[in-house]
Novice: 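Structure provided below as C-alpha cells; questions to follow.
Just follow the structure's listing: the first ligand is 1, and inside any ligand the first atom is 1.
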Amino acid sequence: MFPVEKLNSIQTPFYYYDKALLQQTLDAINAEAGKYEGYKVHYAVKANVDPALLGIVNASGLGCDCVSGGEVERCLMSGFAPSKIVFAGVGKADWEINLALDANIACFNVESEPELEVIDALAGVKGKMANVALRVNPNVDAHTHKYITTGLSENKFGISMEMLDEVVDKALELRNINLIGLHFHIGSQLLEFEPFEMLCSRINDLQDRFEARGVTFKTINVGGGLGVDYVNPDENPIPDFATFFATYNKYFKLRPGQELHFELGRAVVCQCGSLISRVLYVKKGLNKQFVILDAGMSDLIRPALYQAHHKIENITSTSAETETYDVVGPICESSDCFGTDEVLPVTKRGDLVALRSAGAYGQIMASNYNCRKIPASVVL
Ligand code: LLP
C-alpha cells in the first residue's frame with residue numbers, strides 16, 4: 001500500500017499522507033452526516049494543519065474548529081469561509097479574540113464568565129456583536145486516557161451544569177453578545193458509543209430545562225471524540241461514521257430548525273498519515289535487540305505522552321523471517337520508545353519503518369527538542 005520506491009528516495013523522517021484515503025474519509029463523513037437534517041461537521045484543525053490536507057478538507061465542505069489565533073489564521077489562509085470557523089479554548093488572549101472578531105468568524109465557544117465579559121468588551125469597542133456558544137462541562141466519563149478526557153467536572157474545561165443558568169443569564173444580558181448555542185466535548189479517542197449516548201441525554205435534559213425558561217438555542221455543538229483503530233489500520237482505515245451519526249440521530253432530540261454541529265479531528269486525518277523513518281542501527285543488548293530509528297519522540301510524542309501505540313511496519317524488508325525488537329528513537333530519554341517486543345521481519349540498517357495512524361496529533365505536536373528539525377510533509 002505504500003509507494004515504497006518514492007518514499008525511499010526522500011530524506012527521513014517525514015510524515016507521509018495518503019490523499020486518496022483522506023478523500024474517502026471525507027466522502028464517508030459527508031454521506032453519513034448528510035443523512036440527517038441539520039448535521040454540520042467542522043474539522044478540529046488541532047489534529048493537523050498541513051496546508052494540502054486543509055485544502056482537501058475545505059473543498060469537501062467541512063467547516064473548521066480552531067483553538068488559537070494561529071489556527072484561525074491558518075484556516076483563513078487555507079481559504080475557509082469565516083462563516084465556517086468556530087473558535088474554542090479555555091484561555092483566549094485578547095489579540096486572538098480581536099483577530100477572530102475582525103475576521104467575522106461564525107462563533108466563539110466560550111468557556112467561562114470572565115471570558116464572556118472580555119469578548120463583550122472587545123466586540124463593543126469594534127461596534128460588533130459576537131456570536132457565542134457556551135461550553136458546558138456535562139460531567140460524562142469518556143472512558144479514555146486521562147490526558148484526553150475533558151468532560152468531567154474535575155477538568156478545566158467548560159462551565160459546570162450547576163453554574164450554567166447564571167452564565168446564560170449573563171450572556172443574554174451583555175449587549176455585544178449574541179448567544180446562539182451550547183458546546184460540549186467529552187474527550188478524544190472514544191471507541192464506545194455509550195458516552196455519546198450519555199452526552200445526548202444530558203443535553204436533552206438541559207434543553208428541556210432552558211425551554212421551560214423560554215431560552216432556545218440555534219446550534220448545539222457536541223464536539224468530537226470519535227476514535228480510530230490504531231491496532232488494525234488496514235482493516236479499519238475509515239472510522240465508523242455510520243454508527244456515530246446514527247447514535248446522535250437516535251438519542252439526541254434535535255429541536256425544529258436547530259443545527260447539530262460536530263468537531264471531528266482524529267477521525268478525519270489519523271489513518272491517512274504515517275511517520276516514515278529509517279533504521280539507523282540494529283543494536284544487540286544483553287537480552288534484547290533494539291531497532292534505532294532516525295525518528296523519535298520529538299517527531300511523534302504520543303507514545304511518550306499518552307502511552308499510545310502506533311503500529312510499526314518495516315516497509316522495505318523482504319525477509320520472510322521475523323525477529324523481536326524494541327523500536328526506539330535517537331533522543332536522550334528512556335520514554336523515546338515506540339514499541340517493546342515488536343515482531344518484525346528481519347530488520348537492518350537503511351530499512352524504512354512506518355509508524356502508522358499518525359495523521360492526527362503527530363506532526364502538529366512535533367518539537368525541536370534536542371535541536372531536531374520538525375519533520376516535513378509528503379502528500380501523495
Ligand atoms: N473539540 C474540542 C473542543 C476538542 O478539545 C477536541 C480535541 C476536538 C474537538 C477534537 O477531538 P477528536 O475528534 O480529535 O477526538 N493530542 C491528543 C488528543 C487531544 C485532543 C484535544 N481536543 C492525542 O494525541 O491523543
Novice: Could you see which bit of His185 sits under 4.0 Å from ligand 1, with heavy atoms only: side chain, backbone, both or neither?
Specialist: side chain
Novice: Using 4.0 Å as the upper bound for N to carboxylate O, is an ion pair formed by Lys170 and Asp120?
Specialist: no
Novice: Check ligand 1 against Leu264 and write out every atom of the ligand that is under 4.0 Å from a heavy-atom position of the residue.
Specialist: 13 (O)
Novice: Using heavy atoms and a threshold below 4.0 Å, how should the contact between Ala88 and ligand 1 be classified: side chain, backbone, both, or neither?
Specialist: neither
Novice: For ligand 1, which part of Arg302 has a heavy atom less than 4.0 Å away: the side chain, the backbone, both, or neither?
Specialist: side chain
Novice: Heavy-atom contacts with Gly225 under 4.0 Å: which atoms of ligand 1 show up? List them by number with element.
Specialist: 11 (O), 12 (P), 13 (O), 15 (O)
Novice: Hey, are Lys46 and Glu71 close enough for a salt bridge, meaning a charged N less than 4.0 Å from a carboxylate O?
Specialist: no
Novice: Would you call Asp299 and Lys373 a salt bridge, taking side-chain N to carboxylate O under 4.0 Å as the test?
Specialist: no
Novice: Show me which atoms of ligand 1 lie under 4.0 Å from any heavy atom of Gly224.
Specialist: 9 (C), 13 (O)
Novice: Indicate, as side chain, backbone, both or neither, the part of Tyr306 found under 4.0 angstrom from ligand 1 when only non-hydrogen atoms are considered.
Specialist: side chain
Novice: Which bit of Asp65 is near ligand 1, meaning a heavy atom under 4.0 Å away: side chain, backbone, both or neither?
Specialist: side chain
Novice: Hey, are Lys92 and Glu111 close enough for a salt bridge, meaning a charged N less than 4.0 Å from a carboxylate O?
Specialist: no
Novice: For Arg372 and Ala295, work out which heavy atoms get closest and say how close.
Specialist: NH2-CA, 3.9 Å
